[in-house]
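Everything below concerns the one structure shown next.
In what follows, every chain begins at residue 1, and chains take the letters A, B, ... in the order their sequences are listed. Computed over heavy atoms, backbone and side chain alike; hydrogens, waters and symmetry mates excluded.
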2 protein chains.
Amino acid sequence: MAEADSGTVDLEIIVQDAQEGKKRELRLWLRMLSTTKLISQEVRRRLRNEFGATLPQFDLMAQLYRESDGLRLGELSKRTMVTNGNVTGLVERLESDGLVVRETPDGDRRVTVAKLTPKGEELFGAMAAAHEGWLRDMMADVDPAIIAELWADIGAVKSSVNDHLSGAAFD
Amino acid sequence: MAEADSGTVDLEIIVQDAQEGKKRELRLWLRMLSTTKLISQEVRRRLRNEFGATLPQFDLMAQLYRESDGLRLGELSKRTMVTNGNVTGLVERLESDGLVVRETPDGDRRVTVAKLTPKGEELFGAMAAAHEGWLRDMMADVDPAIIAELWADIGAVKSSVNDHLSGAAFD
DNA sequence: CCGAAACCTTTGACATTTCAAATATTGCTC
DNA sequence: GAGCAATATTTGAAATGTCAAAGGTTTCGG
């Protein structure tokens, strides 16, 4: 590839750095994206086959599971990183399946609060347990120390990204 | 899980390990997912504002960019990790924008090959350069050594996941 | 060659996604 | 207390996403 001239080791390092190191961030991003897609597809397939649920529904129910008082739709939107308009449809479908109820609090009639039904809690409990197992299985060949390290380092990435957004900020 | 008995400091470590360590994989997954969503949203916003393109379109064009002979739709589907049916519509829209052409080779009329037009190549070239810059900017606060390490370790995760799929395998 | 199996793409039904515009309600100001 | 900005959700258009079923084409065995 590169035409090194006099070259000892240093030059090679520089050249390599200018080539291989050039697109580090891009390559990390592409790998993160494909890995996330891969896991998502597997989780979606299993949620569908074993529980008849979709991944966004699982996500939304996860947020409601720990909030027995329910959450406003706007808050759900922030936590799931899903747009407002999207939450409307998701909650509608979950409601028609009897997994969630919507109610408007007395004080403020602009607000809609979504809450899991007992049926929803039961289903989510089963899904959550299975889901955790799937993830453990899929990552079974990765050293636990690496997993912990990844968790921390990806946190650093997330933090950097959050500080360099053109628009809104999250989390 | 394990009932340690005598216990001083060791017990705490065990307990902590049994609690905090319990859902390592799950927590890594949740963090990967939210980080990927965050970056995706930013990239999508910028692609839209600066080039009027969508992320899946960018993805698909990226695959065609390096294959001057074009790719069969099935191959595109595998590489982009998008279903066959989805590729059909994606390519249709790109074709109506004059960025891609579809043609059927002489030998096998089952096959459709998609190929970038000159206009498509030009647009993608500009998008790719900008895209790489955006990623570098977003990850600017992360140590380059960490980025390289993440790339490798996420590779290990991907590999493990690939070996524990219930269905098809990728990459 | 004929029919069955295999292969490639499209189609159709639905769910999710984003964005922008429209609605509805509150709260605040004057 | 009338009007207006701010807040919260819904709606609508267009694109993407999955899956399963249907359409053509090839290929291969007999």
Rounded interatomic separation in angstrom, taking [atom1] from [X] and [atom2] from [N]:
X: B:R44; N: C:dA20; atom1: CZ; atom2: P; answer: 13 Å
X: B:K78; N: C:dC7; atom1: NZ; atom2: C1'; answer: 11 Å
X: A:D97; N: C:dA15; atom1: CG; atom2: P; answer: 9 Å
X: B:R46; N: C:dC19; atom1: CZ; atom2: P; answer: 14 Å
X: B:E95; N: C:dT10; atom1: CD; atom2: C1'; answer: 14 Å
X: B:R45; N: D:dA15; atom1: CZ; atom2: P; answer: 20 Å
X: B:L38; N: C:dT17; atom1: CG; atom2: P; answer: 16 Å

| said: Under 4.0 Å, heavy atom to any atom of DNA chain D: which of residues 56-75 of chain A qualify? | reply: A:R72, A:L73, A:G74

| Nucleic acid contacts of residues 83-91 of chain A, taken as heavy-atom distances under 4.0 Å to DNA chain D | A:N84, A:G85, A:T88

State whether the side chain of [X] and the backbone N or O of [Y] hold a donor-acceptor pair below 3.5 Å, judged by distance alone.
X: B:T36; Y: A:L33; answer: no
X: B:S34; Y: B:L30; answer: yes
X: A:K158; Y: B:L38; answer: no
X: A:K37; Y: B:V82; answer: no
X: B:R72; Y: B:V111; answer: no
X: B:K119; Y: B:D97; answer: yes

| task | Report the residues that fulfil salt bridge (Lys or Arg N to Asp or Glu O under 4.0 Å) with A:E121, sequence neighbours left out, ordered by chain and then residue number. | result | none

| note | Looking only at D:dT10, C:dT26, D:dT11, the nucleotide nearest the A:T112 side chain is D:dT10

| With respect to the side chain of B:R110, which nucleotide from D:dT25, D:dT11, D:dA8 is positioned closest? | D:dT25

| task | Answer yes or no: does a side-chain N or O of B:R102 lie under 4.0 Å from OP1 or OP2 of C:dT10? | result | yes

| request: Tell me whether the OP1 or OP2 atom of D:dT26 has a side-chain N or O from B:R109 closer than 4.0 Å. | output: yes

| said: Nearest heavy atom decides the nucleotide; on that basis, is A:D108 or A:E92 closer to the 5' end of DNA chain D? | reply: A:D108

| Heavy-atom neighbours of B:E122 CD exceed 12 at 6.0 Å | no

| field | Pair A:R45 + A:E42: basic N to acidic O under 4.0 Å | value | yes

| remark: Assert: residue with more 5' nearest nucleotide on DNA chain C, out of B:K37 and B:N49, is B:K37

